[in-house]
Visitor: 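Before anything else, here's the structure in question.
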Amino acid sequence: MTDDPIVDALTTVLDDVRDDTSGDVANYIPELASADADALSLVLVSPHGGVHAAGDAGHRFTLQSISKPFAFALALQTLGRDEVLERVGVEPSGEPFNAISLEPGSGKPDNPMINAGAIATTAMAPGETIEEKTSSLLTLMSACAGRELKVDEDVYASESETGERNRGIAHLLASYRAFDCGVDTAVESYFRQCSIQVDAKDVATMAATLAFGGRNPATGEQVLAPEVTRDVVAVMSSCGMYDASGRWTVRVGLPAKSGVSGGIIAVDPSEFGVAAFSPRLDRFGNSVRGVRALEEISRRFGLHMLADRPETSSPVVDVDHRDDTTVVRLHGHINFGTAAQVAHRMREEAATARLMLDLRDTERLDESCGMVLRRVAADLDASIEE
Ligand SMILES: NC(=O)CC[C@H](N)C(=O)O
C-alpha cells in the first residue's frame, strides 16, 4: 500500500497480469530483442499533471509506433488538415503495421498509424534534412513529454540497418509523389523518430497531452491546438492498434496507440492519459500484458468511451422557493445531456410557480445548449439571470 490510492489500484492490475509470460519480444529490429522481457509498468497522468506510477516506471524503451500520432499531429499543425488528408487517409486498414497499405490508383496510405502513413507524415515535418526533421519531431514530442527527449542511437542504427521493408514502402510512396523530400530523408527521419528513448512516465504524459486538448497538464504548455489533438485522437480510436483495433475498441474502448517495443498509450479525453509497458507482444505486435492491463483498468473503472455514463452530478445546484418565484440555480458545465435534465426540471417547477433560471455560476454553457435553455425559458415565461 502507498499513500496514493490510484497507484495502489494500478499495482493491483499489474499483479493480476504479471504472471502472463505469453508472447515474444520483437526481434526483427535486432536491438529490440535485448529488451528486458519482464519489465512491466503502468502510469496514469491526471488533469493537474499528477503522475501515478506503478511497476518499473523508469525503465527506458523506444517510442516506436507510439511516435506516429505525434508525427501526424505535427503534420496537421504545420500544414493544416486539408493538405495532410490529401496525402494520407484516415481509414482503418485492417492490416498489419508494416503492410504495404497504399490505396490503389492514388497511392495514398490508409492512415497515419501504420508504417506507410507514418513515413508520409514524418516526411511532412518541418525541415529539409534528416537532422532538421528529427529536431522538429523531437521538439514536439519533448514538449508533450515535459522533458527533453533524445534518440537512442543504438536502436536507430539497428533499425536503419534492417529497415529494407520500410525503405521499400518509402520508395513506393515516392513513386506516387507522396513527399517533397527524398526517400532517405523520409525514411531515416522515421527511423529516428521511432528510436526516441522514453519511459512509461514520459509516454503517459504524452498521452495526457492528447487527453487534455493538446495542453501538457504537467507543464501547462499548450503544445498542440485542440482541433489538431481531436483529429489525432479520432484516428487513434479507429486505427491505433493495427489490425486488432476493432477488438480493442470492443474490449477497452479508449483511443490508443501501441508500439513494437511494448508500450501502449491510451487517452480518456478530459480525464487522463495512461501508459502501459511490457515488451512481450501478441501476434498483432501489441504488448500482451499492456493490453490486458488496460483492459482491466477500463473494466474496473468503467471507462469504455461508448458506455452509457449515468449522470454523476446534477447541474442543478440549488432550487430556492421564494414567495411566488422559484429560482433554479445551475453550476458547472452545461452540455447536451445536462441541458435536457435542466429543461425537464424547469417544466416541473414551472407548473407551480414563476420561474427564474440562474446561470451565473455555470462555467461553460455550450452555445446550442444555451439556446435550448433560452427556448424552454421563453416557452415557460421564465426569466434568466446570466
Ligand atoms: N509497430 C511499430 O512499432 C513499428 C515501428 C518500427 N520502427 C517499424 O517501422 O517497423
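Counting starts at 1 for both ligands and their atoms, following the listed order.
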Visitor: For the atom pair CZ (Phe191) and OG1 (Thr62), what is the distance rounded to the nearest 0.5 Å?
Guide: 13.0 Å

Visitor: Under the criterion side-chain contact (heavy atoms from CB on, under 4.5 Å), which of Phe70, Phe72, Phe179 is the partner of Thr121?
Guide: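 Going through the options one by one, the only one that passes is Phe72.
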
Visitor: Would you mind writing out a table of all protein N or O atoms found under 3.5 Å from any N or O atom of ligand 1, naming both atoms and giving the distance to 0.1 Å?
Guide:
{"from": "ligand 1", "atom 1": "1 (N)", "to": "Ser65", "atom 2": "OG", "distance (Å)": "2.9"}
{"from": "ligand 1", "atom 1": "1 (N)", "to": "Tyr242", "atom 2": "OH", "distance (Å)": "2.7"}
{"from": "ligand 1", "atom 1": "3 (O)", "to": "Ser65", "atom 2": "N", "distance (Å)": "3.0"}
{"from": "ligand 1", "atom 1": "3 (O)", "to": "Ser65", "atom 2": "OG", "distance (Å)": "2.7"}
{"from": "ligand 1", "atom 1": "3 (O)", "to": "Val260", "atom 2": "N", "distance (Å)": "2.8"}
{"from": "ligand 1", "atom 1": "7 (N)", "to": "Gln64", "atom 2": "OE1", "distance (Å)": "2.6"}
{"from": "ligand 1", "atom 1": "7 (N)", "to": "Glu159", "atom 2": "OE1", "distance (Å)": "2.8"}
{"from": "ligand 1", "atom 1": "7 (N)", "to": "Glu159", "atom 2": "OE2", "distance (Å)": "3.4"}
{"from": "ligand 1", "atom 1": "9 (O)", "to": "Asn115", "atom 2": "ND2", "distance (Å)": "3.0"}
{"from": "ligand 1", "atom 1": "9 (O)", "to": "Asn166", "atom 2": "ND2", "distance (Å)": "2.9"}
{"from": "ligand 1", "atom 1": "9 (O)", "to": "Tyr190", "atom 2": "OH", "distance (Å)": "2.7"}
{"from": "ligand 1", "atom 1": "10 (O)", "to": "Tyr28", "atom 2": "OH", "distance (Å)": "2.5"}
{"from": "ligand 1", "atom 1": "10 (O)", "to": "Asn115", "atom 2": "ND2", "distance (Å)": "3.4"}

Visitor: Are there more than 12 heavy atoms of other residues, nucleotides or ligands under 6.0 Å from atom CD of Glu128?
Guide: no

Visitor: Do any pairs count as a side-chain hydrogen bond (donor to acceptor under 3.5 Å, both in side chains) and have a residue in residues 10-24, sequence neighbours left out, and if so which ones?
Guide: Asp15-Arg18, Asp16-Arg300, Asp20-Ser22, Asp20-Arg292

Visitor: Side-chain heavy atoms under 4.5 Å apart, restricted to Ile/Leu/Val/Met/Phe/Trp/Tyr: what other residues fall into the cluster of Val316, or is it alone?
Guide: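 Noted: Val316 shares its cluster with Val319, Val328, Leu330, Ile334, Val342, Met346, Leu355, Leu357, Leu359, Leu365, Val372, Leu373, Val376, Leu380, Ile384.
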
Visitor: Once side-chain hydrogen bond (donor to acceptor under 3.5 Å, both in side chains) is applied, what residue pairs with a partner in residues 222-238 remain, sequence neighbours excluded?
Guide: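 Residue pairs with at least one partner in residues 222-238: Arg81-Asp231.
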
